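Note that the structure is a prediction, hence the values are computed from the model and not measured.
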Amino acid sequence: MTILKNKQINLSPLTIQEAKNKFEFFKNPKLFIYTKRQAFQNIQYAENFINRHRQMPNFFGIYLNQKQKLIGNCQLSIDKNQQKGEIAYSIDEPY
């Protein structure tokens with residue numbers, strides 16, 4: 001199920017089949033310079049990450065439309081009481 005789509009990318013829920021692709025770019029320590037997280041150590045870590053996050057209705061994989069290639073993920077959060085929102089994202093270094 002695609003949630004948002006434009007000419008270049010689409011946002012869709014992550015599937016466990018994406019674990020290998022997720023591991024391939026999340027093993028890069030450069031993606032974690034400004035976060036509290038660490039680079040993924042193995043595919044099992046990627047599977048655990050996907051299993052934890054795919055239960056969240058506001059967490060999505062970022063896919064290139066041309067190849068349906070996973071290039072990152074994002075999380076959209078809205079606080080209606082505070083009338084503010086936040087977008088958190090991680091994208092593979094070449095993109």
Pairs under 3.5 angstrom only: tabulate donor-acceptor contacts from the side chains of residues 70-82 to other protein residues two or more places apart or in another chain.
residue, atom, partner, partner atom, Å
Asn73, OD1, Lys22, NZ, 2.1
Asp79, OD1, Asn81, N, 3.1
Asp79, OD1, Gln82, N, 3.0

What ring-ring contact (aromatic ring centres under 6.0 Å, His included) pairs are there with at least one residue in residues 60-95, not counting sequence neighbours? none

Once you round to the nearest 0.5 Å, how far does CG of Leu64 lie from CD1 of Ile9? 8.5 Å

Other residues, nucleotides, ligands: >12 heavy atoms within 6.0 Å of Gln68 CD: yes

Atom pair CG (Leu11) and CG (Asn6), whose distance is rounded to the nearest 0.5 Å: 8.5 Å

Consider only side-chain heavy atoms of I, L, V, M, F, W and Y, link residues closer than 4.5 Å, and tell whether Ile62 and Met56 are in one cluster. no

Between the side chains of Asn51 and Glu47, does any donor sit under 3.5 Å from an acceptor? no

Spacing of CD1 belonging to Ile50 relative to CZ belonging to Phe23, to within rounding of 0.5 Å: 12.0 Å

For a quick test of reading the model, state the closest non-hydrogen atom pair linking Arg54 to Leu14 and the distance between them. CB-O, 3.8 Å

Identify every side-chain donor-acceptor pair in residues 26-35 under 3.5 Å, counting partners at least two apart or on other chains, and give the distances.
residue, atom, partner, partner atom, Å
Lys27, NZ, Glu24, OE1, 3.3
Asn28, OD1, Lys30, N, 2.9
Asn28, ND2, Glu93, OE1, 2.8
Thr35, OG1, Phe32, O, 3.3
Thr35, OG1, Arg37, N, 3.2

For the hydrophobic clusters of this structure (ILVMFWY residues joined by side-chain heavy atoms under 4.5 Å, transitively), does one cluster hold both Ile91 and Phe59? no

